[in-house]
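Please read the structure below before turning to the comments.
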Amino acid sequence: MKQYNHSKIEKYWQKEWAKKKIYKTLSSQEARRKTLRRQGYAGRELKPFYVLDMFPYPSGAGLHVGHPRGYIGSDVCARMKRMQGYNVLHPMGYDAFGLPAEQYAIEHKVHPREAVKRNVATFEKQLSMIGLSYDWSRKINTSDPDYYKWTQWIFLKLHNHYYDEKLQKARSISELIKKFEKENKEWEKLSPLEKQDHLMKYRLAYEGEAEVNWCPGLGTVLANDEVKEGQDGHLISERGGFPVEKIKIKQWFLRITAYADRLLSGLEELKWSLHLKEIQKNWIGRSEGAEIEFKLVARSQPLGAIKVFTTRADTLFGATYLVLSPEHAIIPKLKIENIKEVENYINQAKHKTAEERTRVEKDPSTGSGQAKTGVELKGVKAINPGNGEEIPIWISDYVLADYGTGAIMAVPAHDERDFAFAKKYNLPIREVIVNYDIDGMGWAPKAGKKFSTYRGVSAVIFNKKNDTVLCLRWAPQGWGTFVTGKLDPNENNFKEVARREIYEETGYKNLKLIYEQKNPYFTTYYHDGKDENRFTEMHRLFFELMDEEKDEISDEEKSKHEIVWVARKDIQKFITASYDQEIVEKVINGTFMEKSCFACHGILVDSKQFTGMTSEEARKKITDFVGGQIVTKYKMRDAVFARQRYWGEPIPLWRDKEGIIHEVKKLPLKLPNVKSYEPTGKAEGPLAGVKSWVAKGYETNTMPGWAGSSWYYLRYMDPKNKKELAGKKEIEYWQQVDIYVGGTEHATGHLLYARFWNKFLHDLEITPTEEPFKELHNQGMIIASDGRRMSKRWGNVVNPDDIVKTYGADTLRVYEMFMGPFTDSIAWSTESIIGPRRFLEKVWRVAQRLQINTDKKLINTDKIGENQSRNQSKSVDFSVEKLLHKTIKKVTEDIEAMRFNTAISSMMIFVNALDAEHTRKDAQIDIGNWVLFLKLLAPFAPHIAEELYNEQLITNNKKSLRKSAASIHEQEWPKWNPKLIIDETVKIAVQVNGKVRAEIEILADINEGEVREIALANENIKKWVEDKEVKKFIYVKNKLVNIVI
RNA sequence: GCCCGGGUGGCGUAAUUGGUAGCCGCGAUCGACUUAAGAUCGAUUGCCGUAAGGCAUGCGAGUUCGAGUCUCGCCCCGGGCACCA
């Protein structure tokens, strides 16, 4: 018996595959021309499928065992898709510009270019051992001039485009200039420099001022991840611990905020994890609100105005003061009585670090909430445009300068922070929103009427059969309500009361409680019929009507109201009351919950003509009334597109002596060679030290690390194209990335920027789709067995080379896919890897035995891939074949869903069954079926599968087999036979009162009556049931029965 | 603080989405082979109990004939955001 020598076969086949170029991706033309000569696919055109890994940056650290996990996962997908007859694009390349390479270079005193070369070599050596099916001929490198030429090209496009808000699309800046020339007479009079400045406000790549982390101690500007917080809350450098200060310098920006809305709405169509979408959603942080102007007065004399941004314009009448950020531009222009105090405060704020400013402190007076500091601007007041009242103006650093308008209207009654602030400084609090009940006779309380209290239950009853809700129509007013009932003062059994009320008012008897709202719902309203204001406490319960059984209700009840089943969608029309659509929706869906101590949604009180309106309604109307504007704001800011570094793409612009910016005509603008790429001691990049460079007026900043990675997926489609970033035909053919695999750490960086660039390129009609990555999977981290990250620092790194050496690449691959769900982070265990290794050895052993027995009885196939119907040979065990087809189904579906761990588990089950068969009665599988199994194994363990496949063909010496035996990886993926995965008999559990008491075997799909007979005849069951009456008999088809006695 | 995920044997995990909890793998115990060890093969392996049976999916309730799965509250763990009006 031949031994399983993993090293030998892995090395052999890796060479063979490279020689035969079996992973070569076809161009769109080749694919169209070439019809597959493979069995089963003759005459059919290859469909494209794009599987992409996030490309690495060559940091020089070397791989640990966690790095390949994502690559293996995507490789499994790519391999299956290839076998399914797709033209698979599965490339690899390097994100070579940026900090990691530069840092390595500085540390090792080599040129970054050299550093990249070295690190790429190490990376490829390590990666090549794992047997990944990349088409290396498409390799790219972002620091290659042939590549960054196009990064620069895109930058220039961004520079000469602006965002047309109306068309929601990027347009050429020349269009905008034309528009200015036509519409604006002043335009002509502007100097070229002034024109340039004005256009900067529109360009998608523009120059502006931005803060950088300036570290005088190191004489360089630091990236955010090179900076950490010191013990006193001040910023210090990660390296050396020198103090870091924020200074503002001119830098290039990309106007990503123009695409904020599209970036947000685009998320919907993406098959990404909820988690990741959530992160991007938060990051974009869209909120819709209104900008409202507050006029200013000093001793009742008007003087200018302040604009505030609010999402709650409906609470305007509750705005009792304004708060400005300390940086607000209007402050120096005002005559303030306590100017000293104010300046002091502003100065303090300026010197606080971001951390100090945002530190959450407990309020000593209340023990909770946040104690904010602030100063009143004395001598100036604002006019509340709603009610005309004069209100004070404060400054406080809890208001951010760069969000909204840098000023807010404070509504302490309905906002927690405003509330805390008002409490601290004794500012007035006015409540303008009250809760209301949707099925109360909801009108705002009337002044002068007496208040009574009311405790009750409200029951929402669903009829799932026709999707209706039980409602009552009350005479004589015709009010529509849910079933309600009053509680006696000390009554607390809401369930019982609700059931009682339902019975009295409707007569229905059989109801199932679905949900009971935990907290009572307090509402205040005016009761028309009783002519009084009511303060109510309602307890809401949700029921499902089980059957129509009901008793007659009393005539008295009948005369009061009529029972109406209202279709769920019509509920809002039926229920009488002013209501909030959203709340009704939540109430009938049973997800309503109230938590806040402040009313958030309700009806307005104390708000003049808006009193009685719902919040939603009033929001628009009040905004209109005070001449405000509906606006949308985003948390996301424009992206700084410049680093004060050497190792990056030069910005392809130059400035003449007059300061006019010109585009570099001939791309690429190559990064000059420099002697020293180390920091210069100035807040500029090392390029500032290159005289010839500066003399030509070039930028001394370079592009950030994420520039090249924002479009690299397009370059793979056509990596050698000299004329375009990628050929039109190729982009049209591949469309977008079908499956993208990478870590979750790029959620707000790379993944957002790439989406932005793709949308921009889509506007330029370069990319056919809005989104670059249709489906995204985040592989989980592999952590060390000590629970920490693998790192040289902890000395807990497991090197993949060692694992490949002792266990083999196939074992490594199977183990990494088997250890747990692909997205979960899991601890590495070299102890457990023996499991997958034993599995592969078992496969090997089974194959060896199979060959011994093969001539005796097992061969019954001449063609691979066609032996999918039941084999006629009597010696073949059908149960094995059935199991195989179940396995085919499971593995195919699992790979599709990235559930690799369960796919492997099912293959283990299959091999275990086979192995048991072998030892007991001789081999019971024919060659054809065995090959089907090897194909399932091939994406996970490509080397052993290839070896056994070929060995099988040679041993059997079948000419037809050998002819087609190019490689198992080029064979057709197995299909399962639906007939073979159905069982004739099933074992079902028999429960008595929900406890399993017996297991019976029945023919599949027999009817309930038959099952009942068999179940009740069972000895065990008889013992439990005895002579008790069977109250209920539940049969879940082919699963279980439950006998209720 | 807010928003997402999670919590199942000694360990990594599985469970057709409301239907027999613990598949597969590791480890452990016993046995076979071996002079021996290892490898391999076989058996056992959630807990209590000789058994019948009982108890078990972070804790506590609820809905249901039936809950790991649904609802509510609480406790942990991981991640994201963190004065965004």
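So you know, we letter chains A, B, ... as the sequences are listed, proteins then strands, and number each from 1.
- B:A61 and B:G10: their C1' atoms are spaced 31 Å apart (whole Å).
- The CZ atom of A:Arg899 sits 11 Å away from the P atom of B:U17 (whole-angstrom rounding).
- No donor-acceptor contact under 3.5 angstrom links the side chains of A:Tyr398 and A:Thr373, judged on distance only.
- Annotation: B:A28 and B:C76 have their P atoms spaced 35 Å apart (nearest Å).
- Nearer the 5' end of RNA chain B, as judged by each residue's closest nucleotide, is the contact made by A:Asp824, out of A:Gly404 and A:Asp824.
- Taking atom CZ of residue A:Phe839 and atom P of nucleotide B:C26, one finds them 12 Å apart after rounding to whole Å.
- Aromatic ring centres of A:Phe910 and A:Phe933: separated by under 6.0 Å.
- As judged by a 4.0 angstrom heavy-atom cut-off over every strand, A:Lys987 is placed among the base-contacting residues.
- Between the P atom of B:U40 and the CD atom of A:Gln3 lies a distance of 12 Å, rounded to the nearest Å.
- Side chains of A:Tyr403 and A:Ser287: a donor on one and an acceptor on the other come within 3.5 Å.
- Which of B:A14, B:G54, B:G25 sits closest to the side chain of A:Arg997 comes down to B:G54.
- No side-chain donor from either of A:Asn1042 and A:Tyr1035 sits under 3.5 Å from a side-chain acceptor of the other.
- With its glycosidic angle within 90° of 0, B:U17 is assigned syn.
- Interatomic distance, CG of A:Asp894 versus CG of A:Asn901, reported as 7.5 Å (0.5 Å rounding).
- The A:Ile834 side chain lies nearest to B:C26 when the options are B:G54, B:C26, B:A21.
- The pair A:Lys889-A:Glu893 meets the salt-bridge criterion, since a charged nitrogen lies less than 4.0 angstrom from a carboxylate oxygen.
- With distances taken from any side-chain atom of A:Lys995 to the nucleotides B:U20, B:G19, B:G54, the minimum falls on B:G54.
- A salt bridge between A:Glu816 and A:Arg69 is absent, with no side-chain N of the basic residue lying under 4.0 Å from a carboxylate O of the acidic one.
- Under the 4.0 Å criterion applied to side-chain N and carboxylate O atoms, A:Glu841 and A:Arg845 are not assigned as salt-bridge partners.
- A:Phe940 has its CZ atom 16 Å from the P atom of B:G25, to the nearest Å.
- Comparing B:C24, B:A85, B:C84 by their closest approach to the side chain of A:Ile909 singles out B:C24.
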Can you tabulate the close N/O pairs, meaning under 3.5 Å, that link protein atoms to atoms of nucleotides 79-81 of chain B?
| residue | atom | partner | partner atom | Å |
| --- | --- | --- | --- | --- |
| B:G79 | O2' | A:His275 | NE2 | 3.3 |

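- Comparing B:G6 with B:G58, their P atoms are spaced 13 Å from each other, to the whole Å.
- Spacing between atom OH of A:Tyr398 and atom C1' of B:A82 amounts to 17 Å, rounded to whole angstrom units.
- Between A:Asp983 and A:Lys886 there is a salt bridge, since a side-chain N of the basic residue sits under 4.0 Å from a carboxylate O of the acidic one.
- Distances shorter than 4.0 Å separate none of the side-chain N or O atoms of A:Thr902 from OP1 or OP2 on B:C24.
- Rounded to whole Å, the distance from CD1 on A:Ile833 to P on B:G25 is 16 Å.
- Not one side-chain nitrogen or oxygen of A:Tyr815 sits closer than 4.0 Å to the OP1 or OP2 atom of B:G25.
- Note on A:Arg845: every side-chain N or O is 4.0 Å or more away from OP1 and OP2 of B:A39.
- One finds a salt bridge joining A:Arg286 and A:Glu288 here, because a Lys/Arg side-chain nitrogen approaches an Asp/Glu carboxylate oxygen to under 4.0 Å.
- Taking the C1' atom of each, B:C26 and B:C75 are spaced 31 Å apart, rounded to whole Å.
- B:C70 and B:U57 are spaced 15 Å apart, taking the P atom of each and rounding to whole Å.
- Put simply, A:Arg286 has no side-chain N or O that comes within less than 4.0 Å of OP1 or OP2 on B:C84.
- In this structure, B:G9 shows a glycosidic angle within 90 degrees of zero, which is the syn conformation.
- In this structure, A:Thr811 OG1 and A:Leu840 CG are separated by 4.5 Å, a value rounded to the nearest 0.5 Å.
- Checked against the 6.0 Å centroid criterion, the rings of A:Phe543 and A:Phe462 do not qualify as a close aromatic pair.
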Protein-nucleotides 64-69 of chain B N/O pairs closer than 3.5 Å?
| residue | atom | partner | partner atom | Å |
| --- | --- | --- | --- | --- |
| B:C65 | OP1 | A:Lys1032 | NZ | 3.4 |
| B:C65 | O2' | A:Asn1042 | ND2 | 3.3 |
| B:C65 | O2 | A:Asn1042 | ND2 | 2.6 |

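- As rounded to whole Å, 16 Å separates atom P of B:U20 from atom CD1 of A:Ile1043.
- Put simply, A:Asn912 has a side-chain N or O that comes within less than 4.0 Å of OP1 or OP2 on B:G25.
- Nucleotides B:G19 and B:G7, compared at atom C1', are 24 Å apart to the nearest Å.
- In this structure, the ring of A:Trp844 has its center no less than 6.0 angstrom from the ring center of A:Phe839.
- Listed nucleotides: B:C26, B:G19, B:G12. Nearest to the side chain of A:Val1036: B:G19.
- Atom name P, nucleotides B:G1 and B:G73: the rounded distance is 16 Å, in whole Å.
- Salt-bridge formation is detected for the pair A:Lys633/A:Glu291: a Lys NZ or Arg NE/NH1/NH2 atom is positioned less than 4.0 Å from an Asp or Glu carboxylate oxygen.
- Of the side-chain N and O atoms in A:Asn901, none sit less than 4.0 angstrom from OP1 or OP2 of B:C24.
- Nucleotide B:A82 holds its P atom 13 Å from the OH atom of A:Tyr403, rounded to whole Å.
- For A:Met908, counting side-chain heavy atoms from C-beta on, the closest listed nucleotide (B:G25, B:A85, B:C26) is B:G25.
- Listed pair A:Arg838 / B:U40 meets the phosphate criterion, a side-chain N or O lying under 4.0 Å from OP1 or OP2.
- Across all strands shown, A:Leu1040 has heavy atoms under 4.0 Å from base atoms, whether or not it also approaches the sugar-phosphate.
- Atom OG1 in A:Thr310 sits 6.5 Å away from atom CD1 in A:Ile292 (nearest 0.5 Å).
- With a 3.5 Å limit on both pairing distances and Watson-Crick or G-U wobble geometry required, the stems of 3 or more pairs in RNA chain B span B:1-7 with B:75-81, B:10-12 with B:24-26, B:27-32 with B:40-45, B:46-48 with B:53-55, B:58-62 with B:70-74.
- Spacing between B:C33 and B:G38 at atom P, rounded to whole Å, works out to 16 Å.
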